[in-house]
Amino acid sequence: MIARFLWLAGVASASIIASNASAQDAPQPAADNSESAEQATGRGEVIIVTARRRAETAQEVPLAISVIRGDSIEATGNFNVVKLQQLAPTLQVYTTNPRNTSVNIRGLGVPFGLTSDGFEQGVGIYVDDVYNSRVAAATFDFLDVAQVEVLRGPQGTLYGKNTTAGAINITTNQPTFDFEGRAELTVGNLNYKQAKAAISGPLSDTVAARIAVAATSRRGTLYNVTSQRWINEQDNLGIRGQLLFKPNDDFSITLSGDYSKQDPECCGTVFVRVGTTQRPITRQYDELVKAINANPNPAFPGRNYAVPSRNPYDRLTDLDSSLNAGNKIGGVSARIKWNVGPGTLTSVTAWRFWDWKPENDRDFTGLSIVSKSQNPSQQDQYSQEFRYNYESQKIDFVVGLFGFKQRIDTQGTEQQGADASRWSLTGANAGNPSILQGLTASNTQWLKSTSAALFGQLSWKVTDALTIQPGARLNYDKKSGFYQRIVTNGQGQAISCVTTPGNPLPPVLAAQCGVYQPQISAPSDSAWNFTYDFNVNYKIAQDVLAYATYAKSFKTLGINQNGLPLNADNTVNFDAGTVKPESVNHYEIGLKTQFWDRRATFNLTAFRTEIKNFQATVNGGQFGTVRGYLANAEKVRSQGIEADFKVVVSDRFTAYANGAYTDAKYKKFTNAPCPPELSGGTITTNPAQVSPAGQAGTSTNPSFSPAQCDISGQDLPGVSKWAFSYGAEYNIPVTLLDKDGQVYLGVDGNYRSHWNSNASPSIYTEVKGYALTNFRAGFRGEGFDIFGWVRNAFDVNYIENLQVAPGNTGLIAGQPGDPQTWGGTIKFSF
C-alpha cells in the first residue's frame with residue numbers, strides 16, 4: 001500500500017480540503033447573486049450560501065449549516081450524498097440499495113429500515129431549487145456541483161416542501177457568458193473509472209448554455225460464489241443541460257434538463273452472525289440448515305449447504321436469486337427570476353420522474369427460500385413554487401407559494417422457493433416442498449399525493465446588531481393509495497384465506513396463508529397544518545453572531561402502502577392503514593465566530609428536538625409483511641452539541657475539524673416490534689413480561705416472546721453518539737516541467753461511534769464504531785490538477801449496515817464498507 005501511495009504521490013494533486021468549505025476564493029452558486037455578498041478580507045474567506053433564499057455569507061446565517069464546496073467534494077472522493085456524511089458529522093446516510101436509502105440529520109428524517117412510499121422525507125433534497133421527493137436521487141453522482149449546503153433543523157418557512165430535520169441544498173454550476181470548460185479522469189483499483197466533463201459559454205449576447213456529463217464504474221466489492229461474479233458494483237451515467245436567457249440584469253430564465261442512470265448488479269449481503277431467538281431451537285438458523293442437509297429436496301440431491309464464510313470481511317456470499325438495482329431519475333425545470341420593484345420574484349416549475357427496477361435476494365442466503373423479490377416502481381412528480389424576496393435596510397422577507405403532485409405505481413412480486421417448506425413449516429408439512437414452492441404474492445399498488453403551502457419568513461433589523469426573525473407556514477396534504485396482493489400457489493391458482501366459524505382452512509392452505517395472505521386496502525387521508533418558527537440573533541461583535549431558534553413543525557400524515565401487518569389471530573390489521581402526523585418542537589442556540597483576521601472560524605450549536613407520534617418503520621419478521629410498515633412511536637427526542645472549526649494558517653496550510661454529539665432516543669415506544677432475541681415462540685401483547693427497563697434481550701422468561709415490546713429509553717437506530725471529521729492540507733510552490741504550481745499533501749478522515757441497525761435496537765445488530773483515513777498528494781497549477789489518492793488507507797474493516805433476515809431465524813446479514821482503494825486523477829480547466 002505504501003509503495004502504491006508513494007507512486008501516486010509522485011504524480012498527484014487535489015483541490016482544497018474544507019468540510020465547511022475552506023476556500024481561498026468565494027464560490028459562485030448563483031452568478032447573478034454573488035455580488036451582493038460581503039467581500040473577504042485579504043487573508044479571510046467568504047462562503048456564499050443561498051440557504052435563506054438569498055445570497056449571503058454563511059457566517060451571517062443564524063442557523064446551523066455545513067457548506068461543502070464542489071472542489072472539496074472532488075478532492076475527498078465524496079461523489080454523492082451517501083459519501084457526503086464523511087465530511088458532515090451530523091448527517092447520517094445508510095443504504096441497502098438506492099430505493100432503501102435513509103438520509104437523516106441528527107438522527108431524524110427518514111424512518112430507519114425498508115422504505116415506504118407512504119411517508120414524507122424529513123430531510124429535503126433540493127437541486128437548483130427543485131425538490132426531489134425520492135431519497136433514491138441521493139445515490140447518483142454529483143454532476144457539475146458548485147457546492148452543497150446541509151441545513152440542520154426544521155426548514156418549513158423558507159422551503160417549498162416542509163422538512164422537519166433539515167435540508168440538503170445542492171447548487172450546480174450555472175451557464176456563463178464567458179467560455180469555459182473542464183474535464184476530469186480518474187482511474188483506480190477495483191477497475192474504478194470515473195470521467196467528468198462540463199462546457200459552458202455564450203450562444204448570443206443574451207443566451208448562454210452549459211452541458212455536463214459524468215460516468216462512474218467500479219468492480220463489485222463482494223464475490224458471489226454461486227454466480228461466480230463480483231456484485232455490489234458501480235455503474236452510473238449522468239447528463240445535465242442548461243440554457244440561460246438573460247436579456248437584461250433584471251430578468252432571466254434558466255431551462256434545465258437532466259437524466260441519470262444506474263445499472264449495477266447490486267445489492268447483495270454477506271453472512272455476519274446468528275443470534276438466538278425465542279423460537280424452538282429446531283426453528284433457528286443453524287438447526288434449519290442441518291435439517292435441510294439431512295433431508296434434501298429432490299431438486300438438490302447430495303447437497304451439504306454451508307455459507308462460504310462466516311467472516312463478513314472475506315467478502316464472500318452465495319446468493320442464488322438475481323440481483324439488480326436498475327435506477328433512472330431525470331426531469332426538466334424552468335426557473336424564472338424577475339426583479340420586480342424592490343424585490344425579486346422567482347418561479348420554479350419542474351417535472352421529475354423515477355423508474356426503479358430491482359431484483360433482490362430477500363432470504364439473504366444461498367438457499368432457495370425466497371426465490372424472487374422485486375418491487376419495481378414508476379414515479380411522476382410535478383412542482384410549482386413562486387417566491388418573492390424583498391430586502392431593505394430594516395426589513396427583509398421571503399414569501400412563497402408551493403404546489404406539489406406525485407403519483408407512484410408499483411408492481412411487486414415475491415415468490416417462495418424449493419427450500420421454503422423446510423425453512424418455514426413444521427411437522428409433515430416441512431417435508432413437502434410443493435406446499436410453498438412457487439407460492440407467489442403479486443402486489444399492485446399506487447399512491448397519489450398532493451401538497452400545497454403558503455410560507456414566509458420576515459427579518460426585522462431592530463438595531464444594527466439585533467434581528468428578530470419570525471416565520472410561518474400553512475400546509476395542506478392529501479394522500480390516497482391502493483394496495484392489492486393476490487396469492488397464487490405453485491400451480492398458478494389463486495388462493496383465499498377467508499374462514500368461517502366451524503370451517504377451518506385445510507392444513508395445506510393454512511400453511512400457505514401463514515406465509516402470504518391476499519390483501520386489499522385503499523387508505524386515504526388529508527390534513528391541514530399551521531406551523532411557525534421564531535429566531536432572534538444578535539451580532540455581539542463584527543464577526544461574532546449569537547442566535548436562538550424555536551420551531552413548531554410537523555411531518556404530514558402517512559399511509560401504509562406495502563401491505564398491512566397481521567393481528568394475533570392472523571387477520572389483517574386495517575387500523576394500521578394510516579399513520580398520524582408527527583408533531584415537532586425544536587429548540588436551538590448557536591454561536592458563529594471568525595477571528596485572527598478571519599483566518600479562523602469556530603461555530604458552536606446546541607439543539608433539542610422533541611417529536612410526538614414519530615413515524616417509524618417496523619417489521620415483525622413475517623414474510624407476509626413484504627416490505628415492513630409504518631407505525632407511530634409515542635415520543636422521540638434528539639439533542640446534542642455540534643462544533644465546526646476551520647483555519648487558514650497561511651497560503652501554505654489549511655485545516656478543519658468538525659464534531660457532533662447526538663443523543664437520540666425513543667422517549668416512549670410501548671408497542672414496538674420486538675428485536676430478534678425476543679421474537680418467535682409464544683405470541684402475546686403483554687410487554688410487562690419484558691424487564692422494567694424495557695431493554696432488548698432482558699426478558700425474565702427465556703421461553704417467552706412478546707409480539708410487542710416497550711423499547712422506551714433506547715437509542716434511535718442509525719445514530720452514532722459521537723461523530724467527527726477532520727482534514728488538513730499543506731502545499732509548497734514549485735516549478736515542474738516549466739509549470740508554476742503547488743505540490744501538496746492532504747489528509748482527511750472521519751470517526752463514528754457504534755450504532756444500531758434495527759428499528760428496535762438489538763444486541764445482534766450493534767454496529768461497531770470505526771475511523772477512516774484518506775490521503776492525497778499531487779501537483780496543481782493554472783488550469784490543471786494531477787493527484788493520487790488512497791481512501792480507507794489503513795484498510796479498516798467496518799460494516800455499513802446490518803439486516804435481520806425475515807422469519808425470525810436469528811440470521812443477521814450485512815454489507816461491509818469499502819476496503820482500501822487507491823488511484824489517480826487528472827483535471828483540466830480552461
Side-chain angles (χ1 to χ4, degrees), residues 14-27 29 34 37-49 51 55-73 75-76 86-91 147-152 465 537-547 588-607 640-661 722-733 742 744-751 774 776:
S15 310
I16 65 170
I17 182 159
S19 168
N20 277 344
S22 289
Q24 295 177 4
D25 57 353
S34 60
E38 173 186 346
Q39 296 301 306
T41 66
R43 293 180 175 176
E45 62 168 350
V46 167
I47 301 165
I48 309 302
V49 298
E56 55 192 336
T57 65
Q59 290 301 105
E60 291 179 321
V61 180
L63 59 84
I65 177 173
S66 298
V67 186
I68 302 98
R69 289 282 305 277
D71 49 8
S72 299
I73 292 169
T76 54
Q86 296 185 18
L87 297 178
T90 53
L91 189 67
Q147 70 182 29
V148 178
E149 302 164 17
V150 180
L151 288 66
R152 283 114 67 182
N537 56 87
Y538 186 79
K539 187 167 280 192
I540 300 172
Q542 181 180 359
D543 293 316
V544 181
L545 178 70
Y547 65 90
E588 186 165 325
I589 58 173
L591 188 69
K592 292 192 165 188
T593 68
Q594 282 188 305
F595 51 95
W596 194 19
D597 199 14
R598 293 188 178 174
R599 294 182 182 188
T601 299
F602 178 72
N603 298 334
L604 189 66
T605 306
F607 67 91
I641 298 175
E642 303 159 348
D644 304 311
F645 173 75
K646 60 180 180 285
V647 62
V648 181
V649 177
S650 68
D651 292 341
R652 307 275 74 83
F653 182 73
T654 63
Y656 72 88
N658 306 323
Y661 170 78
W722 295 97
F724 301 97
S725 64
Y726 67 90
E729 181 185 292
Y730 181 74
N731 68 74
I732 302 173
Q742 300 170 342
Y744 71 92
L745 175 68
V747 60
D748 64 272
N750 68 98
Y751 165 79
N774 313 310
R776 65 187 184 279

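In what follows, residues are counted from 1 in the order of the sequence shown.
- Going from atom OH of Y656 over to atom OH of Y726 covers 8.5 Å, rounded to the nearest 0.5 Å.
- Distance check: R69 CZ to L87 CG gives 13.5 Å after rounding to the nearest 0.5 Å.
- Between atom CZ of residue F595 and atom OG1 of residue T601 there is a gap of 7.5 Å, rounded to the nearest 0.5 Å.
- Taking N750 as the reference, nothing meets the side-chain hydrogen bond (donor to acceptor under 3.5 Å, both in side chains) condition, with sequence neighbours excluded.
- The CD1 atom of I641 lies 8.5 Å from the CD1 atom of I589; values are rounded to the nearest 0.5 Å.
- The side chain to side chain contact (heavy atoms under 4.5 Å, CB included) test applied to A64 returns R106, R152, Y547, E588, T605, E642, not counting sequence neighbours.
- When N603, V150, L151, N658 are each tested for a side chain to side chain contact (heavy atoms under 4.5 Å, CB included) with S66, only one passes: V150.
- A search for side chain to side chain contact (heavy atoms under 4.5 Å, CB included) contacts involving I540 returns Y538, V544, A546, L591, not counting sequence neighbours.
- Nearest approach of P89 to A660, heavy atoms of both residues: CB-CB, 4.2 Å.
- For Y661, the side chain to side chain contact (heavy atoms under 4.5 Å, CB included) partners at least two apart in sequence or on another chain are D663, K721, W722.
- For the pair V647 and W596, the tightest heavy-atom approach, listed with the atom from each and the gap, is CG2-CZ3, 3.7 Å.
- Using a 4.5 Å heavy-atom cutoff, the side chains of V67 and Q147 are in contact.
- Atoms NZ and CG, from K592 and D543 in turn, are 13.0 Å apart once rounded to the nearest 0.5 Å.
- Here Q542 contributes atom CD and T593 contributes atom OG1; the two are 13.0 Å apart, rounded to the nearest 0.5 Å.
- For the side chain to side chain contact (heavy atoms under 4.5 Å, CB included) test, residues two or more places apart in sequence or in another chain that qualify with Y730 are R652, F653, I732.
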**Request:** Tell me, with the steps shown, if R776 and D748 meet side-chain contact (heavy atoms from CB on, under 4.5 Å).
**Result:** CA-CA 9 Å; R776 65 187 184 279; D748 64 272; 3.3 Å; yes

